Trainee: 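I am attaching a structure below and will ask some questions about it afterwards.
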Amino acid sequence: MTFNARNITIVILAGGRGSRIGGIDKGLMLWQGKPLIEHILQVLPKTSPILINANRHLEQYQRYGYEVVADTL
């Protein structure tokens with residue numbers, strides 16, 4: 001079977017409480033002047049469906065144009 005990026009859905013786990021880093025939302029934490037989520041999105045194939053899993057700051061994640069899903073628990 002040949003790998004084809006269109007056959008997978010990418011899920012970015014951007015949420016979490018951030019309890020070990022003072023409650024900071026890891027996906028929105030800046031690195032080299034940009035939120036970490038932007039660095040990740042920059043290198044992902046654009047041919048695959050992408051979901052962002054987050055439980056806080058949903059509106060900020062939605063600005064990237066991908067579906068944002070929250071955990072139910």
Side-chain angles (χ1 to χ4, degrees):
M1 179 176 192
T2 304
F3 173 76
N4 183 339
R6 293 183 188 132
N7 294 336
I8 62 169
T9 297
I10 298 169
V11 180
I12 301 169
L13 301 176
R17 290 180 284 193
S19 57
R20 291 177 285 193
I21 55 172
I24 297 170
D25 189 319
K26 293 179 283 290
L28 299 175
M29 200 161 94
L30 295 180
W31 183 62
Q32 295 185 349
K34 294 191 312 190
L36 287 174
I37 186 93
E38 290 183 21
H39 290 279
I40 294 166
L41 289 169
Q42 185 175 357
V43 298
L44 292 176
K46 303 304 182 234
T47 57
S48 296
I50 297 173
L51 300 174
I52 300 172
N53 173 251
N55 294 315
R56 300 183 294 157
H57 307 110
L58 303 181
E59 293 172 359
Q60 287 179 272
Y61 286 114
Q62 289 168 340
R63 292 183 192 147
Y64 293 103
Y66 298 98
E67 184 178 353
V68 178
V69 295
D71 294 334
T72 56
L73 297 175

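Model, not experiment: these values are computed from the prediction. All residue numbers refer to positions in the sequence shown, counting from 1.
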Trainee: Is the shortest side-chain heavy-atom distance between Ile12 and Leu41 below 4.5 Å?
Mentor: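 A side-chain contact exists here, since the closest heavy-atom pair is under 4.5 Å.
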Trainee: Are Ile50 and Ile8 connected, step by step, through hydrophobic side chains (Ile, Leu, Val, Met, Phe, Trp, Tyr) whose heavy atoms are closer than 4.5 Å?
Mentor: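 Yes, Ile50 connects to Ile8 through the hydrophobic network.
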Trainee: Out of curiosity, does Ile24 fall in the hydrophobic cluster containing Tyr61 (side-chain heavy atoms, cut-off under 4.5 Å, transitive links)?
Mentor: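 Tyr61 and Ile24: separate clusters.
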Trainee: Distance check, rounded to the nearest 0.5 Å: Gln32 atom CD versus Glu38 atom CD?
Mentor: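 The CD atom of Gln32 sits 12.5 Å away from the CD atom of Glu38.
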Trainee: Please round to the nearest 0.5 Å and tell me the distance separating atom NE2 of His57 and atom CG of Asp25.
Mentor: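 His57 atom NE2 to Asp25 atom CG measures 5.5 Å (nearest 0.5 Å).
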Trainee: Under a single-linkage definition using a 4.5 Å side-chain heavy-atom cutoff for Ile, Leu, Val, Met, Phe, Trp and Tyr, are Tyr64 and Ile10 assigned to the same hydrophobic cluster?
Mentor: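 Result: yes, single cluster for both.
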Trainee: List in chain and number order the residues that pass side-chain contact (heavy atoms from CB on, under 4.5 Å) with Lys46, two or more places apart in sequence or in another chain; answer none if no residue qualifies.
Mentor: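 Partners of Lys46 by the side-chain contact (heavy atoms from CB on, under 4.5 Å) criterion, ordered by chain and then number, come out as Tyr66.
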Trainee: Is there a side-chain contact between Met29 and Ile21, using heavy atoms and a 4.5 Å cut-off?
Mentor: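 They are in side-chain contact.
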Trainee: With side chains defined as the heavy atoms from C-beta onward, is the minimum distance between Leu30 and Pro35 less than 4.5 Å?
Mentor: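 In contact.
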Trainee: Using only atom types and a distance under 3.5 Å, with no angle test, would you say the side chain of His39 pairs donor to acceptor with the backbone of Trp31?
Mentor: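 At least one qualifying donor-acceptor pair exists.
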Trainee: In a check of side-chain contact (heavy atoms from CB on, under 4.5 Å) between Leu13 and each of Leu51, Ile52, Asn53, which one passes?
Mentor: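 The side-chain contact (heavy atoms from CB on, under 4.5 Å) with Leu13 is passed solely by Asn53 among Leu51, Ile52, Asn53.
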